[in-house]
Amino acid sequence: MIDYKAVEEKWQKAWRDAKIFEPGVSDRQPYMVTAAFPYTNGPQHIGHLRTYATADVLARYKRMKGFNVLYPMGFHLTGIPIISQANKLKEGDPGVIKDFKSFGIPENEIEKMKDPLYMGNYFANSAKNSMMLAGYSIDWTRSLNSIEPSFSKMVEWQFGLLNKKGHLVQGRHPVGWCPKDGGAVGMHDTKGDVEPEIEKETAVKFKVVGEEYSILCVTFRPETIQGVTNLFINETAVYAICRSGPDTYCISLQSMDSLKYQIELVKIAELKGSELLSKRCINPFNGSSIPIYPGYFVKEDIGTGAVMSVPAHAPFDYVAIERLKSSGYPIGELKPIVVVSMPKPDAKPSGNVASDVPELELPALKYLRAVNAGINSPDEDIEKATKLEYKEESYKGIMAVKEYEGMPEQEARDRIAESLIKSSAAIEVYALVNDKPVFCRCMTRVVVKVVDNQWFINYGNEEWKSAVREHLSKMNIFPEKSRSAFESAIEWINLRAVVRAQGLGTRFPIDPTHIIESLSDSTIYMAFYTIRNLIRGVDPEKLKPEFFDYVYLGEGNPQAVSDSTSIDYDIIKKCRESFTYWYCDTSRHSALELIFNHLSMYLFNHVAIFKKENWPKQIVVNGMVLMEGEKMSKSLGNIITLDNGFKKFGVDPARLVVVASTDLFNDSNFMEDSVNGVKERFEYINDVCLQLEKLETGELRQTDYWLYSRLNRKIDVISKAMEELELRAVSTELLYNTAKELRRYFARGGKNSVVVRDYVSSITLMLQPIAPHISEELWHILGNDSFSSAERWPVADASMINGKIEDQELLVDNVIEDAKQASALMSKKFGKKPKLMRIIVANQWKSDMLNSFAKSKNIGESVKAAVAAGADVAQAQRFAEGLAKKANEVHEMRLSENDEFESLSGATEYIAAMLGCNISIEQESQSKSQRAQRASPMKPSIDIET
RNA sequence: GCAGGGGUGGCAGAGCUUGGCCAAAUGCGACGGGCUUAGGACCCGUUCCCUUAGCGGGUGCGAGAGUUCAAAUCUCUCCCCCUGCACCA
């Protein structure tokens with residue numbers, strides 16, 4: 001039995017002592033592998049294993065291919081989550097405390113984590129420990145974290161450069177905002193961790209006749225403005241008349257409280273909603289005069305407390321009008337105006353409920369019916385109808401009124417909104433569109449604030465985009481099929497807010513009251529690894545921009561930099577040397593879901609900052625890890641921390657299952673069964689290594705050549721798979737097929753210790769990237785003093801690949817399989833056990849015919865040739881018919897009749913043993929068996945005597 | 001809604017880029033047998049349907065339609081699932 005714990009400790013210590021993963025600058029070709037650094041607000045768990053272990057596999061493989069490989073690691077502490085987590089602890093949040101306890105964190109530590117910095121460092125340390133347990137081939141001398149002062153210096157330099165290049169811009173930006181705290185509110189700051197969803201809306205100004213103010217109505221569907229028949233207000237609410245620049249608005253008093261964070265509002269008067277009812281206002285689109293009615297559904301705290309009524313297309317509006325009518329409210333001529341039509345379905349409707357309702361009705365009514373609602377239905381039903389109508393019409397609706405007639409509704413929406421805003425008939429506002437109101441942790445309701453001077457990185461810059469686009473086309477992307485995601489990410493990414501008012505991190509150089517947002521501060525940090533170890537003794541204050549200009553960009557000269565920064569000349573030189581050495585051939589590892597943020601920003605920033613030769617060369621993304629088929633989540637309680645997982649399963653089995661149970665793109669499924677399967681194979685190979693001495697030596701026999709052939713073919717297959725990072729293929733070939741082949745080799749009578757040693761030695765070496773500890777152990781058992789990690793990757797000897805021998809052995813296996821089946825069926829049916837089996841090899845003319853047919857596909861000629869060669873005409877024709885039937889499947893044979901006969905004869909003992917009866921190998925022409933004629937190439941006839 | 005990726009046998013998961021050697025690798029599970037005092041491990045066999053002494057035939061790879069001599073594989077439409085959607089790591 002393999003003692004995983006002991007093996008892991010032994011080799012991890014040996015690696016550390018030998019410092020084999022601390023590469024210096026050398027003559028060997030450099031290769032640098034980096035993986036997204038872990039965020040430190042929790043422990044490492046099995047899910048984290050995937051990215052880091054995949055990177056480790058590549059690092060180890062490249063090392064064996066003769067590269068000088070650097071795999072560094074750092075920790076992410078910037079941002080909000082750590083702070084909000086610490087705050088939760090301070091508040092005594094039972095959820096967080098419970099989670100932490102379940103991770104095995106001692107209570108006194110939890111207490112100390114009320115200090116966010118303490119928490120960050122605690123988890124950084126714990127992550128480092130877990131990663132060391134995982135045996136990643138990381139060079140820890142370069143470790144860094146994202147809040148250390150020297151790192152901040154680099155980030156400051158980076159943003160100075162971005163600014164110089166014009167990539168930083170300022171502008172208006174809506175954010176979730178807590179009026180009480182006076183700060184922006186993201187998901188981590190809200191009660192229940194909900195993301196405030198902000199959407200753009202249009203607020204249309206309806207000038208009130210005879211007054212100086214306009215009623216402001218917020219809408220998602222400005223394109224329906226021609227269908228407005230009236231306004232709705234809440235007659236019991238209080239409305240405010242406010243000045244806003246040159247405009248004067250009438251909005252509900254309550255909505256003023258939230259809207260004032262978006263537009264300037266100075267209240268000059270108040271009036272009751274009921275006072276508005278006697279007035280009329282003007283539709284700014286067409287100048288028509290419309291009345292104002294009380295709308296039962298109008299809420300004073302939503303939007304502006306006033307709604308433009310489009311009864312033809314808004315179920316609520318329709319219902320409100322109908323209810324007013326039936327209550328006797330004086331409504332004169334009010335005709336709903338249809339402004340959007342649905343295309344006639346040319347085929348059968350595709351299950352759209354609404355399509356079942358006859359046309360010629362008002363759309364609003366149609367959708368009400370579609371959800372089985374009427375004018376007296378509860379609001380939830382009307383809401384349903386509203387949503388359905390919004391969805392369907394937005395998707396398929398066609399404008400049905402002049403000017404925009406025939407235009408898809410989506411397009412008309414943008415155009416009309418734009419033109420209304422342009423003519424000052426409307427303004428743009430934002431609203432939270434979460435189903436429920438969003439509250440800040442402090443219980444204050446979150447509003448939308450438009451920040452005026454927000455700083456952005458302008459990823460929308462077309463020049464920048466096209467440079468990135470072009471570079472991407474030259475990069476390796478694994479898996480290749482995620483390239484399209486990168487392509488669309490490049491197109492999609494636009495302005496990205498880059499600073500926050502709070503959180504851990506680097507101060508923004510242009511406005512030190514703000515902190516650089518934490519995804520933006522970690523886009524080029526990998527470059528820092530190349531010098532981190534060299535500047536440990538340097539006072540961070542000395543790391544002035546000119547230092548980075550020289551080290552990263554080669555600008556200036558080391559003497560001048562040394563003079564102005566008072567950093568040692570030698571250190572500066574070495575940094576530059578190290579950077580140029582390492583930062584060329586790089587592989588970046590991260591998870592699939594980061595393509596649209598981190599990885600894209602990584603590309604953009606590299607292109608913006610560095611010289612072309614230092615741009616990224618390769619990105620590897622991987623899916624996530626499922627636990628026994630389920631998503632890992634705290635609520636399911638199925639998160640296994642790395643430390644626990646390793647204890648339970650062993651490092652190599654665990655990482656092998658996570659990394660190699662599926663291809664990169666798919667989610668990998670961590671199942672205990674799979675772990676056990678892996679372990680069994682390890683045990684088997686381990687046993688073979690341990691028992692090598694018991695084998696004999698001697699001349700090579702057919703079986704030995706077979707095993708060599710398999711081995712060399714395997715080396716080819718695995719090497720190719722490794723290059724493509726198809727780790728699943730690597731593991732099946734290396735573990736499952738290896739065990740299978742060895743078993744067969746021994747069963748077939750193989751017993752040559754030299755051959756087996758050669759075989760398992762190569763297997764052991766190829767195992768190194770995916771199962772490093774086991775590999776070292778086996779390598780050691782095989783009598784080697786070196787590290788398998790430091791050995792070279794095996795190279796296939798093409799001359800040892802022998803298709804003929806493999807076919808001969810395949811034939812033997814086929815025969816055994818067929819015979820077993822036949823005899824099993826026979827004994828089942830007739831209850832008789834076979835005494836003797838005749839295995840009859842097909843005539844040579846059959847394989848000749850088959851080969852000629854495979855080439856020419858011409859039956860007639862093949863038959864003729866066969867007859868000329870002495871075949872019986874009737875037999876030849878019968879055989880030809882069989883061939884013709886599956887003409888497409890016929891392929892050439894490598895073995896002649898003699899080859900078949902020889903290999904079967906040579907394997908008589910083996911076959912007899914496998915079948916448990918006597919065997920006679922015969923040739924078709926010589927055999928007296930009646931079944932002899934049934935023989936065909938690679939498929940001898942079998943005649944069973946009982 | 002938009003963008004990206006998927007839907008394959010009891011399950012997991014290949015194959016689909018380059019259509020035919022695909023009833024579909026591999027692993028797990030289940031069933032039967034062997035080994036064993038017994039269990040585990042291990043070994044052998046079966047595991048879509050019919051049929052058969054290994055043959056052969058049918059149905060079949062989300063649904064439907066199409067291209068083709070030939071489709072899990074190409075095209076179109078539809079349905080469903082997953083991930084991301086921004087200031088948040």
Side-chain angles (χ1 to χ4, degrees), chain A residues 36 38-39 41 76 78-82 173 175-176 184 186-189 195 197-198 347-348 350-351 390-391 394-395 410 451 454-457 459 479-489 491-500 503 517-520 522 591-598 601 623-624 626 629 631 661-663 665-669 671 673-674 676-678 680 683-684 728-729 731-733 735-737 740 743 747 814-815 817-830 834 882 885-891 914 931 934 939-944 946:
Chain A
Y39 195 72
N41 66 340
H76 204 186
T78 46
I80 318 277
I82 292 180
H173 186 62
V175 291
M187 187 175 84
H188 297 287
D189 311 309
E195 181 78 49
E197 289 170 49
I198 297 170
K348 210 178 108 213
S350 55
Y390 182 79
K391 191 179 150 190
S394 296
Y395 185 42
Q410 291 271 14
V451 182
Q454 174 66 291
W455 282 95
F456 299 93
I457 297 185
Y459 293 116
E480 178 59 33
K481 67 174 150 186
S482 61
R483 184 183 294 277
S484 53
F486 278 97
E487 282 162 358
S488 21
E491 301 314 314
W492 165 85
I493 194 169
N494 194 8
L495 291 176
R496 181 168 182 108
V498 75
V499 297
R500 287 206 53 144
E517 178 270 321
S518 57
L519 280 187
S520 302
S522 47
L592 224 38
E593 65 261 27
L594 267 63
I595 292 176
F596 278 78
N597 47 48
H598 167 73
M601 293 160 75
M624 52 185 188
L626 302 176
K631 213 168 158 170
S661 67
T662 182
D663 65 48
F665 203 83
N666 283 348
D667 295 341
S668 79
N669 193 357
M671 295 193 284
D673 283 338
S674 317
N676 292 335
V678 168
E680 280 163 25
E683 291 291 346
Y684 181 75
R728 207 188 53 80
S731 89
T732 38
E733 187 58 38
L735 281 183
Y736 297 96
N737 292 351
K740 212 184 266 181
R743 286 198 175 108
N814 284 350
V815 164
E817 198 175 306
D818 283 358
K820 267 186 181 167
Q821 243 176 72
S823 78
L825 272 172
M826 210 170 166
S827 55
K828 204 164 155 194
K829 220 163 186 165
F830 308 113
K885 240 186 188 173
K886 32 185 181 175
N888 292 322
E889 298 166 21
V890 172
H891 54 286
M914 297 302 281
R931 298 179 77 90
R934 297 170 74 129
K939 199 154 191 70
S941 174
I942 296 165
D943 190 0
I944 303 175
T946 54

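Proteins get letters first, then strands, A, B, ... in listed order; numbering begins at 1 in each.
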Polar atom pairs between nucleotides 25-30 of chain B and protein, under 3.5 Å, N or O only, would you list them?
unit_1: C28(B); atom_1: O2'; unit_2: Asp673(A); atom_2: OD2; d: 3.4

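The distance from atom CG of Leu626(A) to atom P of A12(B) is 11 Å, rounded to the nearest whole Å. In this entry the distance linking CD1 of Ile942(A) with C1' of G54(B) reads 6 Å, nearest Å. Regarding Asp663(A), its CG atom lies at a distance of 10 Å from the P atom of G13(B), rounded to whole Å. Here C87(B) presents its P atom at 13 Å from CD1 of Ile493(A), a figure rounded to the nearest Å. We find that CG of Asn666(A) is positioned 5 Å from P of A14(B), with the value rounded to whole Å. Atoms CE (Met601(A)) and P (C85(B)) sit 13 Å apart, rounded to a whole Å.
When heavy atoms are screened at a 4.0 angstrom cut-off, Phe486(A) is found touching no nucleic acid atom at all. Across all strands, Ser520(A) comes closer than 4.0 Å to no nucleic acid atom at all (heavy-atom distances). His173(A) comes within 4.0 angstrom of a nucleotide base, judged by non-hydrogen atoms across all strands. Contacts of Ala497(A) with the nucleic acid, taken as non-hydrogen atoms under 4.0 Å apart, include base atoms. Counting non-hydrogen atoms under 4.0 angstrom, Pro38(A) reaches nothing in the nucleic acid. Across all strands shown, Ile80(A) has heavy atoms under 4.0 Å from sugar-phosphate atoms exclusively, and none from any base. Nucleic acid contact class of Arg931(A) (heavy atoms, under 4.0 Å, all strands): base.
By the salt bridge (Lys or Arg N to Asp or Glu O under 4.0 Å) test, Glu683(A) pairs with no residue at all, sequence neighbours left out. Residues that satisfy the salt bridge (Lys or Arg N to Asp or Glu O under 4.0 Å) test with Arg728(A), not counting sequence neighbours, are absent from this structure. For Arg743(A), the side chain to side chain contact (heavy atoms under 4.5 Å, CB included) partners are Tyr684(A), Ala739(A), not counting sequence neighbours. Residues that satisfy the salt bridge (Lys or Arg N to Asp or Glu O under 4.0 Å) test with Asp673(A), not counting sequence neighbours, are absent from this structure. Residues satisfying the salt bridge (Lys or Arg N to Asp or Glu O under 4.0 Å) criterion with Glu593(A), sequence neighbours excluded, are absent altogether.
Searching all strands for a Watson-Crick or G-U wobble partner of G4(B) with both distances below 3.5 Å returns C82(B).
When the nucleotides G4(B), C42(B), A53(B) are ranked by their closest atom to the side chain of Asp943(A), A53(B) comes out on top.
For G4(B), its base never sits under 3.5 Å from the side chain of Arg483(A) at any donor and acceptor pair.
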